[in-house]
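In what follows, every chain begins at residue 1, and chains take the letters A, B, ... in the order their sequences are listed.
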2 protein chains.
Amino acid sequence: MTKPGQHVLSTLRQMIASGELQAGERVAEIPTAERLGVSRTPVRIAFRALEQEGLLEKLERRGYRVREVSAEEISGAVEVRGVLEGLAARQAAENGLSDEQRQGLRECLAQGDALFATGSITELDLEEYHSLNQRFHTLILEASKNPAIVSALSRNEHLPFASVNALAIDRNHLDQEYRRFNFAHMQHHAAFDAIDCGQGARAEAIMREHANATLRYADLFSQAPDNSIRVIGQDSENKTGK
Amino acid sequence: MTKPGQHVLSTLRQMIASGELQAGERVAEIPTAERLGVSRTPVRIAFRALEQEGLLEKLERRGYRVREVSAEEISGAVEVRGVLEGLAARQAAENGLSDEQRQGLRECLAQGDALFATGSITELDLEEYHSLNQRFHTLILEASKNPAIVSALSRNEHLPFASVNALAIDRNHLDQEYRRFNFAHMQHHAAFDAIDCGQGARAEAIMREHANATLRYADLFSQAPDNSIRVIGQDSENKTGK
DNA sequence: TCATAGCAGAATGGATCCAATTTGACGTCT
DNA sequence: AGACGTCAAATTGGATCCATTCTGCTATGA
């Protein structure tokens, strides 16, 4: 923990993503500070940042609340991600890839090929493919040489992805997940091909559609959010309907 | 000043946009706090926010520095704005406009028509058109019903727009500005027509190209030989090449 | 019995205090 | 003369303290 401030921020992010802080739950500075063993100052900073990221919403004079993300919001964010990564792919195609960028993308594709070669996939492989996927997308963003895309995306990075990534892997239907990720991987191949050939419009179209692959489609939207407002603290059993 | 914290933030933003804090200049918490007559706490919060907005960059253990925005960065941000507003226009076309949205957009167009009807334009008119323009764009973003677009855009709101909007009006060539804004206004008409007819793809294409109208094109990039963008203000004679 | 006023508790926002770390300079040694 | 080590100044980061304000309950009066 070389940077305690950043540590508080990422810890809270993780607590939200993991569901330790449930959607709709109220969070206050003092209990959170005590819980994490730090002072109120870094917590205050972190709350502001998390509000910016869309993970918290401010209740005037009553602290913050973990935002509930609706299905529409997620699909809207996915669409935003689609056009931005589409733009990135187009600009990457127009700029041309450097040798190391091409190399990095090819490695991602090859490692993915190896993963899917067996015809089945384990839970562990999914984790590995996930990091592979992240790397591929990051490389395309870099290749666009447009930092504004990253900025615009960083807002959505946690809102849809923290929710979707935690949710989107259905470990009870690994065969179904296999097909979904295999399809996404094929889109990666197509996107790389288009970028490497300098086909900007095609690369854009592929990446734009590809964003939808981060969803499990209708399957995703079946969770009922709890509308009750609770304050986190030591007495969480005291959350009776009051 | 009901919200001093917000006040500090917007004051600093204004100081950067107006050039009172020059690009590349270092800013520290204590002098800034004394200058604004507040404590270090709100300044610290504001610096974090300004860093997020891309107006400041952090120097490790040495405070912050006002970022210099390159021409490439601005054109990249404009392109991001283009695809996002294009997406908004398409979704607005797909969703259909509500009666009041249609009414609001038509009012913007009519007021713009009145402004341009005389065939010439004064500096005052430019200010008015500017607010008109803002309203039009905001209405389209609202009509998209996709808050993620606004989120993604808010990051870019200050970086390119604070610079470009202040920059982009060349008060010495109002006739040229007239033609430029007239063209932009025609694009507004076209965009509204496409949205109102439910032509999503056409609306998207128009708004996407329209983003470039926020630039003075090549003219913009010929003023700063060092690639840095300067803000025109009251003391524009002090812009010696240094 | 219901409504209103007042009071206590709680929570944020800002100010100040303390600690840790880095920068830059100065002096000395090789 | 140059380089290295040490020291002081400055600056951020975290912790604590005080003021303000909002909420919710309670008590009293109609």
Side-chain angles (χ1 to χ4, degrees), chain A residues 1-16 21-22 24-67 227-242, chain B residues 1-16 21-22 24-67:
Chain A
M1 50 178 75
T2 54
K3 289 183 178 182
Q6 294 297 319
H7 183 252
V8 168
L9 182 60
S10 55
T11 300
L12 286 173
R13 231 188 251 129
Q14 187 57 33
M15 287 169 72
I16 294 173
L21 264 48
Q22 289 191 352
E25 193 170 352
R26 269 188 59 199
V27 288
E29 287 181 4
I30 294 178
T32 307
E34 289 174 354
R35 190 169 173 177
L36 298 182
V38 294
S39 133
R40 276 180 55 210
T41 308
V43 174
R44 200 188 301 187
I45 304 262
F47 278 5
R48 299 282 187 302
L50 291 170
E51 185 195 8
Q52 282 294 312
E53 292 175 7
L55 290 174
L56 294 182
E57 64 183 339
K58 182 184 283 192
L59 307 175
E60 205 57 40
R61 284 280 169 192
R62 301 206 54 201
Y64 292 83
R65 177 170 53 187
V66 180
R67 274 196 51 201
N227 273 345
S228 67
I229 308 284
R230 273 168 286 110
V231 181
I232 64 168
Q234 299 76 356
D235 54 349
S236 42
E237 75 281 354
N238 196 9
K239 62 184 175 113
T240 62
K242 60 170 172 317
Chain B
M1 51 180 74
T2 54
K3 289 184 178 181
Q6 294 298 318
H7 183 252
V8 168
L9 182 59
S10 56
T11 301
L12 286 174
R13 232 189 249 127
Q14 186 58 31
M15 286 170 71
I16 294 172
L21 265 47
Q22 290 192 351
E25 190 173 351
R26 269 189 60 197
V27 289
E29 287 180 4
I30 294 178
T32 307
E34 288 174 354
R35 191 169 176 179
L36 299 182
V38 295
S39 136
R40 275 180 56 210
T41 307
V43 174
R44 201 188 299 188
I45 304 259
F47 278 5
R48 298 283 186 304
L50 291 169
E51 185 195 7
Q52 282 296 310
E53 291 175 8
L55 290 173
L56 294 183
E57 63 183 339
K58 182 183 285 193
L59 307 176
E60 205 57 37
R61 284 280 171 191
R62 301 205 53 200
Y64 291 83
R65 178 169 52 187
V66 180
R67 274 197 50 201

Q: Taking all non-hydrogen atoms of both residues into account, name the closest pair between Ser39(B) and Ala33(B) and its distance.
A: O-CB, 3.6 Å
Q: Please report, rounded to the nearest Å, how far the C1' atom of dG14(C) is from the NE2 atom of His7(B).
A: 15 Å
Under 3.5 Å, side-chain donor or acceptor atoms of residues 43-51 of chain A against the rest of the protein: list the pairs with distances, not counting sequence neighbours.
residue, atom, partner, partner atom, Å
Arg48(A), NH1, Arg44(A), O, 3.4
Arg48(A), NH1, Tyr64(A), OH, 3.4

**Q.** Interatomic distance where CG belongs to Leu36(A) and P belongs to dG14(D) [whole Å]
**A.** 13 Å
Q) OP1 or OP2 of dA15(D) sitting under 4.0 Å from any side-chain N/O of Ser39(A)? A) yes
Q. Taking only N and O in the side chain of Arg26(A), is any of them less than 4.0 Å away from OP1 or OP2 of dA10(C)?
A. no
**Q.** Arg26(B): partners by side chain to side chain donor-acceptor pair (under 3.5 Å), with sequence neighbours left out
**A.** none
Kindly give the atom pairs (protein nitrogen or oxygen, nucleotide nitrogen or oxygen) under 3.5 Å for nucleotides 17-23 of chain D.
none

Q: Mind calculating the distance between CD (Glu34(A)) and P (dA11(C)) to the nearest angstrom?
A: 10 Å
Q: With sequence neighbours excluded, tell me which residues meet side chain to side chain donor-acceptor pair (under 3.5 Å) with Arg62(B).
A: none
(Q) Within the structure provided, determine whether Ile16(A) and Arg13(A) are in side-chain contact (heavy-atom separation under 4.5 Å). (A) no
Q) Pick the nucleotide of DNA chain D nearest each of Gly37(A) and Tyr64(B); which residue has the one closer to the 5' end? A) Tyr64(B)
Q.
dG13(D), OP1 or OP2 - any side-chain N/O from Lys58(B) closer than 4.0 Å?
A. yes
Q) Roughly, in whole Å, what's the span from CD in Glu29(B) to C1' in dC17(C)? A) 14 Å
Q. If you pin Gly63(A) and Thr41(A) to their nearest nucleotides in DNA chain C, which one's is more 5'?
A. Gly63(A)
**Q.** Partners passing side chain to side chain donor-acceptor pair (under 3.5 Å) against Glu57(A) (at least two apart in sequence or in another chain)
**A.** Arg65(A)
